[in-house]
Structure formats: C-alpha cells, structure tokens
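See structure below.
Just so you know, these numbers use all the heavy atoms, side chains as well, and skip hydrogens, waters and symmetry mates.
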Amino acid sequence: MFIHRGKARTEKHNLAIASLLGFVAGLVNVVGFLSVKKLTTNVTGHFAFFVDEAFQQKIVQAFHTGLYIFFFFAGAFFASLLVEFYTRRRENLIYIIPALTEAFILGAIALSGTLLMQQNPDIIAFALLFAMGLQNALVTRISNAVVRTTHLTGLFTDMGIEFAQLFFYKGKSRRQKLLKSIRLRLTIIWMFFAGGVTGGLLYSSWGFRALLLGSFLLLGGLLFDFIKIRLVLMRPKI
C-alpha cells in the first residue's frame, strides 16, 4: 500500500492506505485530546488561538501556541525532506523511514506518556503533532495529493463539491471518477471515526498505551509491503 507512488497507484492502493492511516489519525486525535486536551492531528484551532493571543499581546502564550503549529510543520517538512533525499538515492526507502519514524514516536509516547504528563505534557502534544504532520505529508506525496488523512475539513468540502457535481455530470466515465473519489473520502472519514472510537475505548482502560495500536498498525503495513515485494521477487520468471 506504501510502495506504489503517483500514477502507479490504483484505487485499491489508495483505499488501503486511506483505511490504515485514517484509522491511526483518528486514534491519535482522540488519545491526544483526552490526555493533554489538545488537538494533535491539525493546526486550524491552534492558529486561531495563536492569532487571538497575539492580538491581546500575550506574547508568551502566543509563542507557546505557535510551537504546536511549528511541530506539525516540522513533521511535514521532515517527511518531504526524506522523500526528496531518498528519491535521488534509494527510492525503495522513500516511505520506510518516515513510517518507521511515526511508529517509533507513537510507541515512545505510549510507553512514556504517563511520566511525561507529570513532567511536561507539552512534549506529548509536540510529538503527536510532529507525527501527524509527517503522516499527512508522506501520504500526500505518495498518493499525488489524492489521499489526506489527518483532518476532515477538506474532505467534507471536497465531498460536498463532488456530490453536487453528480447532479450535473451525466457521462459514464466522469461519474465513475466522481464515485471513486467519494468512496475514497468516505473511507477516510469512516476509518477516522472508527479510530477515534477505538482510541476512546482503549484510552479508558490502557491510557497512553492505546497508541501502541497505532504503532503496530504502521509496522504491520510496512511488513505487508515487505512480504508483497518478496513474493514478487520470488515469482518464477517466464
């Protein structure tokens, strides 16, 4: 699901990665909010608070809020930097390093979150925002901006536009393309919701360890691609 890029990706590839990463994003969103009471999958709300605090000349608070925005940006920058670097050197590592990094961050917060809550809860928010910025940039680059998984505002906007277009586009090929796009967006929304519900249920019993599920899912996705590649290489040549 990770290994195909751009035009090489099919609807099946996009649905698979949308399901996996949408679920992980929903999980992180709820666990992050329940634990540190901060949004950790997007920066829209943080930006509003940043502007409000800046206008009120609450410099320290504005700087603090600005760090939430910065860490999401830093994650996106880091992922894109790796993609560009490995595109020019070892293309097979384009998705592996960013996905492993995200899995490591989620695992680290899952195991150390209780301690961090006592010492500096902001580190949790910073780390999760970095991980989600990384995920959003990675899947955007891999899918040629077809799939985005960490926030729903754009998804609902695009889906509203596409539903409206169904009333006007009567050509078969055009309608099929619209329906495929709507199906993809509905998949992301549903899996984000499912991840959020799962995160809420697990957090009530496991606390931060609920994030281990997200880490294991990412590692499972990488393992799936690795096995798939090995099977292709082992296939006898005719």
Side-chain angles (χ1 to χ4, degrees), residues 1-3 16-36 38-43 67-68 70-87 89-142 147-150 191-192 195-196 198-199 202-203 206-229:
M1 67 184 75
F2 288 99
I3 55 178
I17 200 169
S19 299
L20 174 67
L21 297 185
F23 186 93
V24 171
L27 178 79
V28 170
N29 188 50
V30 170
V31 172
F33 186 78
L34 291 177
S35 59
V36 294
K38 301 293 181 185
L39 299 172
T40 53
T41 58
N42 66 84
V43 296
L67 287 176
Y68 296 133
F70 170 78
F71 275 95
F72 190 92
F73 162 80
F77 174 78
F78 177 73
S80 189
L81 199 67
L82 288 176
V83 169
E84 294 295 340
F85 179 82
Y86 285 112
T87 295
R89 288 165 178 80
R90 296 186 63 184
E91 196 168 1
N92 60 317
L93 295 179
I94 284 175
Y95 65 94
I96 295 177
I97 304 302
L100 282 176
T101 301
E102 182 181 350
F104 173 79
I105 291 172
L106 297 185
I109 297 299
L111 299 176
S112 63
T114 303
L115 178 63
L116 290 172
M117 277 294 292
Q118 300 171 359
Q119 298 181 350
N120 191 345
D122 278 335
I123 294 177
I124 298 170
F126 294 155
L128 295 182
L129 281 160
F130 183 92
M132 290 298 97
L134 183 153
Q135 174 179 301
N136 205 40
L138 176 63
V139 73
T140 299
R141 293 298 305 274
I142 288 176
V147 181
R148 296 177 187 271
T149 57
T150 62
M191 294 306 295
F192 191 96
T198 303
L202 292 180
Y203 184 79
W206 295 3
F208 284 103
R209 285 177 296 172
L211 292 173
L212 285 174
L213 176 59
S215 183
F216 290 149
L217 286 173
L218 288 166
L219 294 175
L222 290 174
L223 180 61
F224 174 82
D225 276 352
F226 175 77
I227 293 174
K228 188 175 180 181
I229 292 172

Do L100 and L218 touch side chain to side chain, with heavy atoms closer than 4.5 Å?
no
All heavy atoms of A137 vs all of A79, minimum pair found to be CB-CB, 4.0 Å
How many angstroms lie between atom CZ of F126 and atom CG of N120, to the nearest 0.5 angstrom?
7.0 Å
In Å and rounded to the nearest 0.5 Å, what is the CG to CD1 distance from L138 to I17?
6.5 Å
With rounding to the nearest 0.5 angstrom, report the CG to CD distance, L128 to Q135.
11.5 Å
Residue pair F78 / T101, side-chain heavy-atom distance below 4.5 Å:
yes
Pick one: which of T40, L129, I109 meets side chain to side chain contact (heavy atoms under 4.5 Å, CB included) with I124?
I109
Any donor-acceptor pair under 3.5 Å linking the side chain of E102 with the backbone of L134?
no
Side-chain donor-acceptor pairs under 3.5 Å in residues 22-35, sequence neighbours left out?
residue : atom : partner : partner atom : Å
N29     : OD1  : T41     : OG1          : 3.1
S35     : OG   : V31     : O            : 2.7
S35     : OG   : G32     : O            : 3.1

What orientation do F70 and F73 show, parallel under 30°, tilted 30 to 60°, or perpendicular over 60°?
tilted
What closest approach, in Å, do A131 and I105 show between heavy atoms, and which atom pair accounts for it?
CB-CG2, 4.0 Å
Which heavy-atom pair separates F72 from M132 by the least distance, and what is that distance?
CE1-C, 3.8 Å
Residue pairs meeting salt bridge (Lys or Arg N to Asp or Glu O under 4.0 Å), one or both in residues 71-82, sequence neighbours left out, come to none
If I compare all heavy atoms of S215 with all of A103, which pair ends up nearest, and what's the gap?
OG-O, 2.8 Å
Are L212 and W206 side-chain neighbours, meaning at least one heavy-atom pair lies under 4.5 Å?
no
Distance, nearest 0.5 Å, that separates OG1 of T114 from CZ of R209
8.0 Å
Please report the interatomic distance CG(L202) to CG(L211), rounded to the nearest 0.5 Å.
9.5 Å
Within a strict 4.5 Å, meaning less than it, do heavy atoms of the D122 and Y68 side chains meet?
yes
